[in-house]
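Please read all numbers here as calculations on a predicted model, not as lab measurements.
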Amino acid sequence: MEDQPRRVKYVLILGALSAFGPLSIDMYLPAFPTIAGDLQAGPSQVQLSLTACTVGLALGQLVAGPLSDTFGRRRPLLIGLVVFTLASLLCAVAPSAYALAGLRLVQGLGGAAGIVIARAVVRDLYSGVAMARFFSLLMLVNGLAPILAPLIGGQMLRVTSWRGVFLVLGVIGVVLLVATAFGVRETLPGESRRPGSLGSTLRTFGSLLGDRAFVGYSLSAALAFAAMFAYISGSSFVLQDVYGMSPQLFSLVFGVNSLGIVLFGQLNGRLVARVDPSRLLAIGLGVNAVGGVAVALSAAFGLGLPGLLPALFLVASSIGVVFPNATTLALSGHAETAGSASALLGVMQFLAGGLAAPLVGSAGTGTALPMGVVMGALSLSAVVVYLVLTRGARFEARSGDRAGERTTQR
């Protein structure tokens, strides 16, 4: 990327692609109670659609990541965008909660290509501190998605049903398909691609899972993400049903927390040149744990919204520091298998998040305590995993950072 306009273009497009998770998840959150009534389903059945999408986002990365190491980045990415768009449109006509869950699984499978390949493209182009800075820039775009998605969803419920939300997701898919087709060049040249067989893919995954530092960085980030995901899946019911918020006020609160992700992400981008990414990751995980425990204590002692909302803000905002540094540290030693490494990183995050969602709903939604307990346990586990598995790991800060510049000019 030899000029600023091209750099900005890549930040916008790759940021939007990596935002498929929050776009797919957050936009319909304010409609959970409405969906339950319309489809005559309980809260756990509605949350199943959230879990299904999350599982799809996880499993799809296992397919798209290795495929992008074999066939290049563009082809699997464009196919995934087509699948996401079609599934989003079909979700708009889902006749039941279980049909919606099935379609959401397919939607997640398609959206996963955008998430995993966007990270792989960044790894193709950058290394060292420059990679951490670029991932922080992506948080600016990525962080806007959870701000705008629930706000748009909440406002759309004023003029249309929840089905209209999925129509908008379909339109977003079309826009990103066109932008990617004309705006993203191939960043993995033919000579750098790996043989595409099941055996080689499994060997690559086995090697990555045998890397203690990689697992430590990936799993700690996944557990922190799961703590936030417990908030995502439970807050709609807790804040609206328990504390009486309207869908619009809930969307505003959700947007403020998401703004924290953006602000913390940009602060991380300024600090990463002076502070080791592993130290910044430790700080981010610590903030996440403080917030998670505070949510549990607020619910247990009945502190209400004055105690709950600041704690939720800490959990959400910490992701702006955790994700850029965990991603940089996890991918830094795996340039030749960036797609597969990115896939495992994403799988851990979304599977952990998908498992957290039903835990919150299964204990009932009449109190914030189940959500708080799950969040506190997950955020503390993230700190423990980081301390145990990454001890002694070193980050190579050298280089810079335009490792793939020549491929973008092809």
Whether Phe229 and Phe225 hold their rings parallel, tilted or perpendicular, with breakpoints at 30° and 60°: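 Phe229 and Phe225: tilted rings.
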Polar side chain donor-acceptor pair, [X] to [Y], under 3.5 angstrom:
X      : Y      : answer
Ser49  : Tyr28  : yes
Asn325 : Tyr217 : no
Arg73  : Ser68  : yes

Treating [X] as the side-chain partner and [Y] as the backbone partner, does any N or O pair qualify as donor plus acceptor under 3.5 Å?
X      : Y      : answer
Ser207 : Thr204 : no
Ser342 : Val116 : yes
Ser381 : Ala377 : yes
Glu186 : Arg74  : yes
Arg119 : Leu331 : no
Tyr98  : Gln45  : no
Ser379 : Gly376 : yes
Arg163 : Phe166 : no
Ser218 : Leu345 : no

Which pair of heavy atoms, one from [X] and one from [Y], lies closest together, and at what distance?
X      : Y      : value
Asp69  : Ala338 : OD1-N, 4.0 Å
Ala273 : Arg133 : CB-NH2, 3.0 Å
Leu138 : Gly15  : CD2-N, 3.6 Å
Ala99  : Ser96  : N-OG, 3.1 Å
Val272 : Ala132 : CG2-CB, 3.6 Å
Ala368 : Val238 : CB-CG1, 3.7 Å

Go through the steps to decide whether Trp162 and Leu100 satisfy the test side-chain contact (heavy atoms from CB on, under 4.5 Å), and finish with yes or no. CA-CA 12 Å; Trp162 60 270; Leu100 178 62; 4.3 Å; yes
Arg75 atom CZ: more than 12 heavy-atom contacts under 6.0 Å: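 Open: at most 12 neighbouring heavy atoms sit under 6.0 Å from CZ of Arg75.
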Option among Thr390, Leu380, Leu223, Val215 that satisfies the side chain to side chain contact (heavy atoms under 4.5 Å, CB included) test with Val385: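 For Val385, the side chain to side chain contact (heavy atoms under 4.5 Å, CB included) test succeeds with only one of Thr390, Leu380, Leu223, Val215, which is Leu223.
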The test is side-chain contact (heavy atoms from CB on, under 4.5 Å); show your working for Leu285 and Ser318 and say whether it passes. CA-CA 7 Å; Leu285 291 172; Ser318 66; over 6 Å; no
